[in-house]
Structures are given as C-alpha cells and as structure tokens.
Amino acid sequence: MEAIRLANLKKSFAGKPALHGLSFTVERGEIFGLLGHNGAGKSTALGILLGMVFPDEGEAFVGGISVQRERPRALAKVGAIFEAPRFYEYLSGWRNLEIFTSYSALVPRKEMRDAVEFVGLTARIHDKVGTYSQGMRQRLGLAQALLPEPEVVLLDEPTNGLDPEGIAEMRALIQRLNRERGFTVLFCSHLLSEVEQLCDRVAILNKGSLIYCGHWQDLASKGARFRIEAEPWGIVGAQLNGASVVEPGVIELPAGADIADVVARLVQAGVKVRAVTPEKQTLEQLYLREVGGSKI
C-alpha cells in the first residue's frame, strides 16, 4: 500500500524547468532514497510534497490524500526535516519544542519526553540551543519532526554538516524509526554511502527528470563487472565480443553474458588469464553511470 505518490509533477521557476513530469511512489513501511545532484529537483519535489511549493501541473498524495487539495488532512501524519532546522538560540531545546508544536497540535508532555529520549537529548534538552553541537541540533530537528507522532517522515539531508560519529548516530535513529515504529521514511541525501546502507529502493533525478526508480541493486544487473589479471592486456579488448573495458583491468559484461565464455575466448586467443574477480559496484558508481558522470 502506498504512503506517498507523486503524479506527473511539473514546476518551473522564472521560466526555467525544475521538474519534468516527476512520478514515483513510496510504499508504506519502507525507507526510500531520493537522489540527485544540486539542482536536480529534489528540494522542489519535497517542497511540493509538503505543500510549500505549488506545482504547475500534477499532484502529490500522502496516504491517498492530495496535498494540493487537502493539505492539512494530507500532512496531519507527516513529520519533516526540510533544509536546515532553525531554532531560537536563546531558548532551551524543550521550550523550542513547546513553541513549534503549539503551531500545529497540542502534544502531551509525555509524548514530548518520549521523542526527546528517542533522539538521545534528555540530558541536554533544558540547555539553550545556542550551546548545542550540529549533531544535537539535527537530533532536536528530528524530535520536532516526531511531534505529534507521524506515520511518514521526510528527511532532507539529515546528516548535512555532521562528523562521522554524528552520521552514524543519525543513521541508527532512522533505522530505528523504521524498524521499531514502522514509519515510512523518504530520505534525501548527497551521501550515497548512507543511502546504500539505509534504502532498498531509490529514485534518481537528473536535471528535473526521473532517470531511475527501483531497487538500487537492480542497477548492477544491467552489467556485471569483473577485474581480470591477464597478459598481454593489449589484445583483451578485441576478444570481448559485446563486453567492454571500463578501466584498465576491469571489464563489464552485458546482461545475460557469461564470464566463462569470455575467459574461454581470451585463452583461445593466447591471453594468459591469472585471475578473474567479480567486482561489486557501489551505489555511487551506479549513480554516476546513470547520470553520465555528473557531479553529485
């Protein structure tokens, strides 16, 4: 059952297209990654999903309810960190939560305490936010997103500016949200290694267009890669018959090809093959292949 659906979203700013008919769905209970370089359209898509940006065409749905036609109802069970969380520096974390939750709904103090405990801020929640580290601010932002308790959580670059320890802590919190509470998470990040560890399915945007949506591991099935130790390397390329050299010592086979057939041709051609090792591709490599090498 779908938790989020974007249907043919189109948006331009000052005549410049930002989204070209973007459509995808996020199923209930999954952690879904939204990927793309700066300017790819990620923030525009999230802004439309949160009702902060109005599309030129198309519609966004949460739990089957249109954000554009019934925004309060659609977003009643949505929590979000959108761009960098902002707080009143001279007030405590607790007072900030009290103020921000008062804008949307009355939240019992126990629910607030539970959210603070979940993100690991109990010991510092009554200190001024101005004394918080970046990691603590991000965790306070996550606590705010959990009040009142949502069913869907939208996270826009939640690890931005964090050190490796802070990134690991935020990753663990996101996994707990999904595993222990069953929340649906739409996770947007430049850190592809984090997306690789958190998400099964991803949508890749490039210049406002959707170029891939599905399990990121399925991208690897488009062509298996192998590292080959062989000599003379100079004649290897002529014997590949449909496979290609992607870098010195590494070949990529088309879907359905068998590495055993490649090795047999190489041996028949007089090439000495000493080792053949499957090479696992990272999400970053697959992403760069899909967007044609564009920088993240």
Side-chain angles (χ1 to χ4, degrees), residues 1 3-4 26 28-32 46-53 60-160 162 166 169-188:
M1 185 175 180
I4 295 170
V26 178
R28 287 190 184 275
E30 74 171 328
I31 304 178
F32 187 95
L46 287 183
I48 292 173
L49 188 53
L50 288 169
M52 301 169 66
V53 177
F61 299 86
V62 178
I65 303 169
S66 169
V67 174
Q68 284 64 51
R69 287 178 285 158
E70 299 182 77
R71 184 176 185 268
R73 185 167 164 242
L75 300 182
K77 288 294 184 178
V78 175
I81 296 179
F82 185 55
E83 300 180 339
R86 294 286 186 267
F87 300 102
Y88 296 107
E89 301 275 323
Y90 57 91
L91 297 178
S92 70
W94 182 265
R95 183 57 183 147
N96 271 275
L97 292 180
E98 287 181 324
I99 292 172
F100 289 126
T101 55
S102 70
Y103 296 153
S104 55
L106 294 177
V107 178
R109 294 176 69 85
K110 182 182 184 305
E111 189 173 335
M112 291 178 61
R113 287 194 297 268
D114 289 345
V116 170
E117 182 179 359
F118 181 84
V119 301
L121 277 181
T122 301
R124 294 290 304 276
I125 195 62
H126 294 293
D127 294 345
K128 291 181 179 180
V129 171
T131 67
Y132 284 11
S133 66
Q134 181 63 23
M136 293 171 66
R137 290 167 188 262
Q138 291 292 85
R139 282 185 278 155
L140 183 62
L142 182 58
Q144 179 189 337
L146 299 180
L147 297 170
E149 184 167 298
E151 295 176 0
V152 175
V153 180
L154 310 179
L155 302 176
D156 182 23
E157 305 287 354
T159 58
N160 193 32
L162 301 185
E169 289 175 351
M170 183 60 70
R171 184 200 314 137
L173 286 173
I174 294 170
Q175 289 171 326
R176 285 183 59 201
L177 284 177
N178 179 255
R179 182 178 62 251
E180 297 177 8
R181 301 195 179 190
F183 290 174
T184 302
V185 180
L186 176 57
F187 178 72
C188 175

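If you're wondering where the values come from, they're calculated on a predicted model, not measured in any experiment.
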Fill in the blank from the handout: Sequence neighbours excluded, the answer for side-chain contact (heavy atoms from CB on, under 4.5 Å) partners of Val152 is Ala3, Ile4, Val62, Val78, Leu154, Thr184
For [X], what residues pass the salt bridge (Lys or Arg N to Asp or Glu O under 4.0 Å) criterion, not counting sequence neighbours?
X: Arg181; answer: Glu149
X: Arg73; answer: Glu70
X: Glu151; answer: Arg28

Is any side-chain heavy atom of [X] closer than 4.5 Å to a side-chain heavy atom of [Y]?
X: Val26; Y: Val185; value: no
X: Ile174; Y: Met170; value: yes
X: Phe100; Y: Leu147; value: no

[X] side, atom [atom1]; [Y] side, atom [atom2] - distance, nearest 0.5 Å:
X: Leu97; Y: Arg113; atom1: CG; atom2: CZ; answer: 13.0 Å
X: Arg171; Y: Leu162; atom1: CZ; atom2: CG; answer: 11.5 Å
X: Gln68; Y: Leu49; atom1: CD; atom2: CG; answer: 8.5 Å
X: Leu142; Y: Ile81; atom1: CG; atom2: CD1; answer: 5.0 Å

Problem - Pairs touching residues 132-142 that satisfy side chain to side chain donor-acceptor pair (under 3.5 Å), sequence neighbours left out - result: Glu89-Arg137
Practice task
Kindly state each residue pair satisfying salt bridge (Lys or Arg N to Asp or Glu O under 4.0 Å) with at least one member in residues 91-108, sequence neighbours excluded.
Solution key: Arg95-Glu98, Glu98-Arg109
Exercise for the section: Step by step, work out the side chain to side chain contact (heavy atoms under 4.5 Å, CB included) result for Asp114 and Leu146. Expected result: CA-CA 10 Å; Asp114 289 345; Leu146 299 180; over 6 Å; no
Exercise for the section: Identify the two heavy atoms, one from Thr131 and one from Asp127, that lie closest to each other, and give their separation to 0.1 Å. Expected result: OG1-CB, 3.9 Å
Problem - Shortest non-hydrogen contact between Val129 and Tyr88, atoms and distance - result: CB-O, 3.9 Å
